[in-house]
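For reference, the structure discussed in these notes is given below.
In this text, all values refer to a predicted model and were calculated from it rather than measured experimentally. In what follows, every chain begins at residue 1, and chains take the letters A, B, ... in the order their sequences are listed.
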Amino acid sequence: MNVYNKEFFLVFLIGLAIVLLLAFTIIVFVIAYQKRMLNERLKREKLEVAYQQKMLEATLISQENERARIATDLHDSVGAMLSTIRLTLHAAESQLNENNLFANSKQMLDETIETIRRISRDLLPVNLERFGLSQTLQEMAERITQSGKINVLFREEGEKTSLKKEREVQVFRIIQELLNNSLKHAEATEIVLHLWWSDTLVLLVKDNGKGFELPKEENFDETKTGVGLHSINLRTKLLEGTLTIKTEKQKGSEFLITLPL
Amino acid sequence: MIFLNVLSYIQSISSFVLLLIFLFNYSSTDGNFKLIGALAGISTIANILQESVPRFLNGAYLNQIGEAYQLLSVFVISLFFLKLNNTKFARILFYVLNVTCFVLWVLLLVYLNDHVLFSVYSVISYIGLNVFAILYFGYLLKYLPSDNLLTVPEFWVASAVLFNFSGYLIITLSYGYLVEVLKENTILYWSLFNVFTIIFYALISYSMVLHVKNIKATSRERL
């Protein structure tokens with residue numbers, strides 16, 4: 001190989017190496033750029049989820065506060081005023097002969113006072129703070145069963161773990177909403193409420209009602225599914241839990257919620 | 001010479017292996033990878049013809065077979081990328097590249113063994129295919145698939161095309177000098193062509209295996 005050929009060989013090799021290096025750089029750049037972009041997208045999505053979670057938490061907390069305020073107002077103001085009226089009526093009854101009229105008015109007033117108490121209790125579950133979730137649910141199940149409309153079977157298994165107050169309220173609201181749904185819409189005669197305590201809290205609410213059509217959307221849009229299911233889903237997400245729904249027309253519904261402890 | 005022959009046989013086997021992978025998994029490949037299968041088929045036929053035809057012509061080598069294969073491979077590979085990234089620019093490039101290559105191929109049939117014309121024909125087709133591969137990379141950067149790129153079969157095809165045709169391009173750009181100056185010493189350079197082709201078919205075969213795997217996994221998920 002003469003000098004010119006050697007020079008050409010060298011230039012050829014350098015040229016080939018540069019072009020191949022360029023091709024290799026493009027390929028590596030595409031891989032690295034995609035990885036970087038995907039990581040950033042993941043970070044952004046995480047931030048968005050965290051933001052939405054916080055917004056949701058704030059909404060639910062303000063809702064709880066508002067409920068508490070209404071419950072206190074009802075109990076302390078309206079309830080107290082009604083009790084005063086009741087006492088006044090009782091005093092007036094003894095001075096007048098129209099006992100029947102007073103008896104009817106007193107009965108209506110008693111019912112109104114009871115309704116106010118019930119609304120107040122539903123809005124602000126005082127027992128939850130005093131006696132805890134299990135006791136409150138037990139009482140709620142007994143109260144509904146005693147109403148005679150529906151039989152609520154409450155069962156609990158496993159070693160109970162104390163929950164943070166905010167989480168306990170959310171769990172209570174989920175169960176309250178599920179029981180309300182069964183009472184109002186399912187036309188059920190029996191509800192099973194089962195709690196399993198372990199590393200997770202598993203809630204099962206099952207009724208023998210008419211069932212419903214499960215929405216296709218995973219986020220249970222409230223315009224399509226109603227506020228109840230949407231709120232249950234939101235609260236479950238807030239508690240970082242999972243919600244599984246099984247329902248069949250005329251065969252009842254089953255809600256299984258698993259919450260981390 | 002023996003070294004070049006060995007490389008030439010390995011190159012023929014590599015495209016044949018790709019053809020076998022394609023044929024054994026024909027039902028598990030989509031339209032785009034059927035094009036890759038067609039490319040393997042064309043390459044295998046071209047290799048067989050290049051080996052057998054000269055025997056009937058008393059050893060005379062026919063450039064026309066390689067040139068026809070090149071024309072078909074440009075068409076198939078550019079169509080593969082056009083189907084992946086069907087933009088206005090890609091469509092224009094597809095028509096311009098294929099029409100230009102066809103015209104040059106016809107001219108090569110008229111002016112047999114014209115080195116300059118062959119170089120122009122090759123350089124245009126290699127640059128065109130490299131642009132298609134780079135356009136596909138641009139498309140990947142724009143639409144960012146959520147999968148790891150190393151598991152995307154089309155990414156391997158684009159990488160193989162870019163790597164292979166960049167190498168071809170440099171060899172072809174030196175073609176005139178190689179033929180004029182080096183004469184008998186050009187074997188080493190031509191063996192590089194075969195090395196690039198072997199790498200090309202190895203990468204494409206890997207992408208075909210990945211593609212079949214992905215398709216089978218998707219069908220299992222559906223079941």
(request) Heavy atoms only, distances under 4.5 angstrom: which of B:L149, B:L150, B:L192, B:I134 has the most pairs with chain A? Name it, please. (result) B:L149

(request) Side-chain contact test, heavy atoms from C-beta onward, threshold under 4.5 Å: evaluate it for B:Y136 versus A:V30 and give yes or no. (result) no

(request) Give a yes or no on whether B:K34 atom NZ has more than 12 heavy-atom contacts from other residues, nucleotides or ligands under 6.0 Å away. (result) yes

(request) Look at atom CZ of B:F193 and say whether more than 12 heavy atoms of other residues, nucleotides or ligands are closer to it than 6.0 Å. (result) yes

(message) Run the side-chain contact (heavy atoms from CB on, under 4.5 Å) test on A:I31 and B:F155 for me, step by step, so that the C-alpha distance in whole Å, both residues' side-chain angles and the decisive distance to 0.1 Å come before the verdict.
(response) CA-CA 10 Å; A:I31 296 172; B:F155 172 78; 3.4 Å; yes

(message) Tell me if the CZ atom of B:F137 is crowded by more than 12 foreign heavy atoms within 6.0 Å.
(response) yes

(request) Enter the distance from A:F29:CZ to B:L141:CG here, rounded to the nearest 0.5 Å. (result) 6.0 Å

(request) Could you check which of A:L22, A:L16, A:L38, A:I18 has the highest count of heavy-atom pairs closer than 4.5 Å to chain B? (result) A:L16

(request) Assess whether atom OH of A:Y33 is packed by more than 12 heavy atoms of other residues, nucleotides or ligands within 6.0 Å. (result) no

(request) Grab the two heavy atoms, one from B:S174 and one from A:F12, that are nearest each other, plus how far apart they are. (result) OG-CD1, 3.1 Å

(request) Please state whether the side chain, the backbone, both or neither of A:I26 comes within less than 4.5 Å of a heavy atom of chain B. (result) side chain

(request) State the CG-CD1 distance between A:L13 and B:I170, to the nearest 0.5 angstrom. (result) 11.0 Å

(message) Nearest 0.5 angstrom please: A:F24 CZ to B:L162 CG, how far?
(response) 11.5 Å

(message) Can you tell me how far apart CD1 (A:I27) and CH2 (B:W156) are? Round to the nearest 0.5 Å.
(response) 8.5 Å

